Undergrad: 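To start, I am sharing the structure in question, which I have written as structure tokens.
Keep in mind the model is a prediction, meaning the values are calculated, not measured. Throughout, protein chains are lettered first and strands after them, A, B, ... in sequence-line order, and every chain is numbered starting at 1.
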2 protein chains.
Amino acid sequence: MIFRGRFEYTIDPKGRVNIPAPFRDRLQESAQGSFFLTNFSDCLYAFAADDWARIEERLSRVPSTDRKMNAFVRFFLGGVVEVVPDKQGRILVPPSLRSYAGLEKEVVILGMPNRFEIWSLARWQEEIGRFEKEVHEDPGLAREISALGI
Amino acid sequence: MIFRGRFEYTIDPKGRVNIPAPFRDRLQESAQGSFFLTNFSDCLYAFAADDWARIEERLSRVPSTDRKMNAFVRFFLGGVVEVVPDKQGRILVPPSLRSYAGLEKEVVILGMPNRFEIWSLARWQEEIGRFEKEVHEDPGLAREISALGI
DNA sequence: GGTAATTGTGGGGAAAGGTGGGTAACGGTT
DNA sequence: AACCGTTACCCACCTTTCCCCACAATTACC
């Protein structure tokens, strides 16, 4: 499932964040509005139930002898929670995820293919800043982008 | 049985640790809430009754002539205890397991496929630190992760 | 442009979850 | 048989989470 757009919200003292209405509508179609939230690359990844099921399937096939990949599973699966927006469309972000992603006040939610992401506003701005710098300095990156037909 | 999420607790002076409520619920479905706890890879592994039965089945097929594997069985099966959470949802971790996993105060419980794990907070942070370093330095690992469809 | 619906934010109260401690049963040892 | 340390079970408190309701702001629609 693909998600589109960028949304800014504030996380309240209780740790609740609003989920964009269009995303909620899309999630309603598949599961009963629930989705899965986990930690990755300095932000939170959110997956629709059936996309997450596919991922879990693959995670459970990782051999327990593969030390590095096991560490990844500990991190990724260990981070996950199933969440359901309340009647106002918010979810409660567990303390562990809140601190991982550095969510304190201003929050950005981004659509992505197969998922959406929850960022602290400050971190997301840094990330974008880095990208803009690189796209100017790295001709290879620019070529890769134009290869997408953009 | 798959377990999801990360939970932080404190182990009290009596050696009791809380078990995450969602895990307790899942364990209730199969056995009467009991599970099996043993020592492995610097932490404690916890298995639901039927998953553990499968493991014992395989352990009992290890030929007694296989010296190395026998050492493993001694270690793994020798460490195991069956535990049942009390009315408050805690278990008593036997001293031998407590010292093996270095559990003193702060404890992390992690969901994994087929089991959950009990870590000392400090050790788990080291483990995660190592992983994050490797994922940045090792492009092969990053590729393996993205191959999971993430 | 005015009205209605939707969306986002804040807060209160009830329920659940987690922590600490007391006391009685148990088991092993002298 | 008495003693000591450990375990099991119980109760009480505090914090967090869940589920409401209310209001402000924005958007959609006539």
Undergrad: Along nucleotides 8-17 of chain C, 5' to 3', which nucleotides get a B, which get an S, and which get a -, given that the test is a protein heavy-atom distance under 4.0 Å?
TA: SBBBBB---S
Undergrad: When the ring planes of B/Phe76 and B/Phe47 are compared, do they come out parallel, tilted or perpendicular, using 30° and 60° as the limits?
TA: perpendicular
Undergrad: Please lay out, stage by stage, how A/Ser34 and A/Glu82 fare under the test side-chain hydrogen bond (donor to acceptor under 3.5 Å, both in side chains).
TA: CA-CA 7 Å; A/Ser34 89; A/Glu82 181 172 9; 2.9 Å; yes
Undergrad: Does atom CD of B/Glu132 have more than 12 heavy-atom neighbours, drawn from other residues, nucleotides or ligands, at distances under 6.0 Å?
TA: yes
Undergrad: Please walk me through it: do B/Tyr45 and B/Trp52 pass side-chain contact (heavy atoms from CB on, under 4.5 Å)?
TA: CA-CA 11 Å; B/Tyr45 277 21; B/Trp52 178 253; over 6 Å; no
Undergrad: Without decimals, in angstroms, what is the distance between A/Lys87 NZ and D/dA22 P?
TA: 10 Å
Undergrad: Rounded to whole angstroms, how far apart are CD1 on B/Ile91 and P on D/dC9?
TA: 14 Å
Undergrad: Is B/Arg54 salt-bridged to B/Glu57, cutoff N-O under 4.0 Å?
TA: no
Undergrad: Rounded to the Å, how far apart are A/Leu92 CG and D/dC20 P?
TA: 16 Å
